[in-house]
Number of protein chains: 4
Amino acid sequence: MDNENTVIQSIIEAARKLMQQYGFSKTTMEDIAKAAGKGKSTLYHHFKNKEEIIDEVLGQEMDSFFREVKQAVDQEKSLHAKLKTYIVVKIQSIRHRVNLYRFAMETDASTLEINTQFRRLRTRYDQQEANLILSVLTLGIAEGTLHHQSEADLAMLTELLVTCVRGVEMDIIMYNKHNTLPDKADLLVGVLVKGLS
Amino acid sequence: MDNENTVIQSIIEAARKLMQQYGFSKTTMEDIAKAAGKGKSTLYHHFKNKEEIIDEVLGQEMDSFFREVKQAVDQEKSLHAKLKTYIVVKIQSIRHRVNLYRFAMETDASTLEINTQFRRLRTRYDQQEANLILSVLTLGIAEGTLHHQSEADLAMLTELLVTCVRGVEMDIIMYNKHNTLPDKADLLVGVLVKGLS
Amino acid sequence: MDNENTVIQSIIEAARKLMQQYGFSKTTMEDIAKAAGKGKSTLYHHFKNKEEIIDEVLGQEMDSFFREVKQAVDQEKSLHAKLKTYIVVKIQSIRHRVNLYRFAMETDASTLEINTQFRRLRTRYDQQEANLILSVLTLGIAEGTLHHQSEADLAMLTELLVTCVRGVEMDIIMYNKHNTLPDKADLLVGVLVKGLS
Amino acid sequence: MDNENTVIQSIIEAARKLMQQYGFSKTTMEDIAKAAGKGKSTLYHHFKNKEEIIDEVLGQEMDSFFREVKQAVDQEKSLHAKLKTYIVVKIQSIRHRVNLYRFAMETDASTLEINTQFRRLRTRYDQQEANLILSVLTLGIAEGTLHHQSEADLAMLTELLVTCVRGVEMDIIMYNKHNTLPDKADLLVGVLVKGLS
DNA sequence: AATGAATGAGTTTTCATTCAT
DNA sequence: CATGAATGAAAACTCATTCAT
């Protein structure tokens, strides 16, 4: 039982490394098997097909991704610091996962099922993130940095903030522009906080 | 010669339609040939390979894309209106091109060359966009809505704005969340303008 | 020991159901194991290989098949009734076993051994059937419906009758034509009896 | 164009030989390609998939099969001779095609489409055969060997005859029992004609 | 200029069977 | 007895690209 998990985990581990480096479609079952030190057909003993491996890799990765971000944000005290940390750490975490992250886009008409599952994963993650940011903004209000807002407005602001940060993510993913990151994070937080206050 | 252009254009047209619908990798040379009413090997007479077709499709698409956005923005007068129009029209234009746009992500290690070319196209487009936004912001200063800024600061602001809008783009591309778009555009413009003033 | 038999029988039972539904080749060892509630490798404790399971399934099935037909024929009195019953019941019994029956044909060069074994089973069954029909014809002679015949002729007639009925079987197996069955059985029996008298 | 047919025909020819010898499922695309002196993927240039090759092989084979039988029957004059020839030649023709013929049975639940197409082929063949036998029986009536019959009865008799002969076919296909064939054909024809007169 | 023919190098998946515990 | 883990060998199918005409 413990062994079962070890084997499965070692396959996922191998898959994750390869997929991080080469992307999902370029990572073949053969590659994964070889990297895990197993026979190709052994993979099919533990997973129904490639899709199931991808799902597992993505699920684990997103969870650990969120944990990293949350932990870093939790350690900061002020609204400003928390928001900046959120942006910076999120981006840094993404940089190690660019290829996995790109997956969201590898979507074609024919891959609908993959995406269905992916969307589920993604939704779970987004929910967690929204909660995190919401609590940060609530703290900003308690702190006095932000005005008091209606619940609906807070939800909207949360969404807006996440949306803007997603723009920064994209700069990273698409252009590898991360040199100016801390400055841009500062500016973004400054503008948003001022704009929202 | 004129004929040559007609053929080439009909191939690109066919390729564009297919790629818009199914994405780049799922669109095969065979599909394109069939849709263009030509033999598969004919494509290779006019283009070196699939990559070259993709480049051409993307290039044309980006140009027309930029033209749409610029034209709409130019018709507005105030800073506020221009920015909102920029966001709204850009997003609308993207919606018709989601799969083409997604291309930026279909990247795997092995497809580096494609990306190199894509990056060139993308850079050209970004430059045009930056110029457009810069001129809008400059107008905002002339209008008195924004403070006067150093050239470096203006560049930074431009980039920030573009970055935030890219976040909205992503909401569309990844989640098809466009129902709240006009509201969100309003809010975003409001916050940014206030934050920047 | 008794337990051993229970396990074996439950495996065969599972195999039979699956093979009846999906045919021999499409029924995998995994399917059988799952249906029997056992591990895949457990099957190999009780049977040397898949072939041995097939043999057992076929053997049991043919025996029960013959028992059904014989029992029905024995209950009839006259030659005419017995022959008609023979055809009708045989066909009905086959209808529940179409996929098993089809097995005789799943033969490829590589499956020669399977067929060798199958031929043995089949021969045993055919012998029983020939005996049954022979006794029916003998009764027909005693009854006066048929002329007296030499032993060799009787054997030949038996074979002919079985052969013709096999044609009806095939109509069922290949075309599922069984709607006209009772009529055709009547006609066939009539023609044969008249032709033979 | 002529060349196209040559290539296609040579593929079918290769496929036919292999399938006649080894059966459909044991004949792989690779085998066919090798036998045709082509690359594996070339097959897919000319046929959509394995199924399409099988269909073509079967279609051609059935046509030539029917032609052989019809030609032989046409050469005979009397009802008796025609019927006997029908049986004997049909069986002989089948003997060269046993493995192809067996195909009808290679059916599993999953192979439904193949069978749909096969059923179409088979139906076409059966129709031709029924017409042939019908004309033979009509001749038997003209000849005075058979009583005059209603159209419906004639159809029924035709079907019965074909059905009985199918039994003989099966003896060949399943048991390779063809040594006693001519005698059995004589007997069968005798019994049927007497039974029908 | 146009194209039908050909293909190499992959890719996922299947399954009967063996082995270590 | 039982079984989870492992696998080799094969199979069907794909696709960008080249070549001869």
Side-chain angles (χ1 to χ4, degrees), chain A residues 1 3-4 6-8 10-11 25-33 36-53, chain B residues 1 3-4 7-8 11 25-33 36-54 110, chain C residues 1 3-4 7-8 25-33 36-54 110, chain D residues 1 3-4 6-8 10-11 25-33 36-53 110:
Chain A
M1 199 171 277
N3 194 18
E4 156 83 348
T6 310
V7 172
I8 287 189
S10 82
I11 291 173
S25 44
K26 291 292 171 193
T27 299
T28 72
M29 293 300 267
E30 182 128 33
D31 294 339
I32 299 173
K38 301 284 169 186
K40 208 193 319 185
S41 37
T42 302
L43 303 191
Y44 288 89
H45 189 61
H46 300 284
F47 300 91
K48 205 171 130 256
N49 48 30
K50 194 181 174 182
E51 208 180 306
E52 220 174 83
I53 294 183
Chain B
M1 198 168 280
N3 195 16
E4 159 90 23
V7 173
I8 286 188
I11 291 173
S25 44
K26 293 289 174 197
T27 300
T28 71
M29 293 299 268
E30 182 125 33
D31 295 338
I32 299 172
K38 299 284 167 186
K40 208 192 324 186
S41 32
T42 303
L43 304 192
Y44 287 88
H45 254 276
H46 302 283
F47 301 90
K48 202 171 133 251
N49 49 29
K50 193 181 177 182
E51 208 181 306
E52 225 175 79
I53 295 183
I54 291 177
S110 72
Chain C
M1 201 169 278
N3 194 17
E4 159 90 24
V7 173
I8 286 189
S25 44
K26 293 290 174 196
T27 299
T28 71
M29 293 298 268
E30 181 125 32
D31 294 338
I32 300 172
K38 299 286 167 186
K40 207 192 325 184
S41 31
T42 303
L43 304 191
Y44 287 88
H45 255 276
H46 302 284
F47 299 91
K48 199 169 135 256
N49 49 28
K50 193 181 176 182
E51 208 181 305
E52 225 176 78
I53 295 181
I54 291 177
S110 72
Chain D
M1 199 170 278
N3 194 17
E4 157 85 349
T6 311
V7 172
I8 286 188
S10 82
I11 291 174
S25 43
K26 291 292 171 193
T27 299
T28 73
M29 294 299 267
E30 183 128 34
D31 294 339
I32 299 172
K38 301 284 170 185
K40 205 193 323 185
S41 37
T42 303
L43 303 191
Y44 288 90
H45 189 62
H46 299 284
F47 300 90
K48 204 172 130 256
N49 48 28
K50 194 182 175 182
E51 208 180 306
E52 221 175 81
I53 295 183
S110 70

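Within every chain, numbering begins at 1; the chains are lettered A, B, ... in the order of the sequence lines, protein sequences first and strands thereafter.
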Worksheet item: Reckon C:His46 has a side-chain N or O less than 4.0 Å from the OP1 or OP2 of F:dA2?
Response: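 Yes, such a contact exists.
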Worksheet item: Phosphate oxygens OP1/OP2 of E:dC15: is one of them under 4.0 Å from a side-chain N or O of A:His45?
Response: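 Checking E:dC15 against A:His45, no side-chain N or O comes under 4.0 Å of OP1 or OP2.
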Worksheet item: Which comes earlier along DNA chain E counting from the 5' end, the contact point of C:Glu30 or that of B:Gly37, where each point is its nearest nucleotide?
Response: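 Looking at the nearest nucleotide for each, B:Gly37 comes out on the 5' side.
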Mate of [N] where both pairing distances stay under 3.5 Å, Watson-Crick or G-U:
| N | value |
| --- | --- |
| E:dT21 | F:dA2 |
| E:dT12 | F:dA11 |
| E:dA1 | none |

Between [N] atom [atom2] and [X] atom [atom1], what is the distance in whole Å?
| X | N | atom1 | atom2 | result |
| --- | --- | --- | --- | --- |
| D:Lys38 | E:dG8 | NZ | C1' | 16 Å |
| A:Asp31 | E:dT12 | CG | C1' | 13 Å |
| D:Met29 | F:dT14 | CE | C1' | 12 Å |
| B:Leu43 | F:dC15 | CG | P | 15 Å |
| D:Lys26 | F:dA9 | NZ | P | 16 Å |
| B:Ile11 | F:dA16 | CD1 | C1' | 15 Å |
| C:Lys48 | E:dT17 | NZ | P | 9 Å |
| B:Phe47 | E:dA1 | CZ | C1' | 14 Å |

For the side chain of [X], starting at C-beta, report the closest nucleotide among [options].
| X | options | result |
| --- | --- | --- |
| A:Tyr44 | E:dT12, F:dT3, F:dA16 | E:dT12 |
| C:Lys40 | E:dT17, E:dA6, F:dT18 | E:dT17 |
| B:Asn49 | F:dC1, F:dT17, F:dC13 | F:dT17 |
| C:Thr28 | E:dC15, F:dA16, E:dA6 | E:dC15 |
| C:Thr42 | E:dG4, F:dT3, E:dA2 | F:dT3 |

Distance in Å, [X] [atom1] paired with [Y] [atom2], rounded so as to fall on 0.5 Å steps:
| X | Y | atom1 | atom2 | answer |
| --- | --- | --- | --- | --- |
| D:His46 | D:Ile53 | NE2 | CD1 | 10.0 Å |
| B:Ile11 | B:His45 | CD1 | NE2 | 10.5 Å |
| C:Ile54 | C:Glu52 | CD1 | CD | 11.0 Å |
| A:Ile32 | A:Lys38 | CD1 | NZ | 14.5 Å |
| D:Glu30 | D:Lys40 | CD | NZ | 4.5 Å |
| D:Lys26 | D:Asp31 | NZ | CG | 11.0 Å |

Practice prompt. Check every strand shown and say whether B:Ser41 touches a base, only sugar-phosphate, or nothing at a heavy-atom separation below 4.0 Å.
Written response: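 Counting heavy atoms under 4.0 Å across all strands, the contact made by B:Ser41 includes a base.
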Worksheet entry | Base of E:dT11 paired with side chain of A:Lys50 (donor-acceptor, under 3.5 Å) |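 No such pair is found, so the answer is no.
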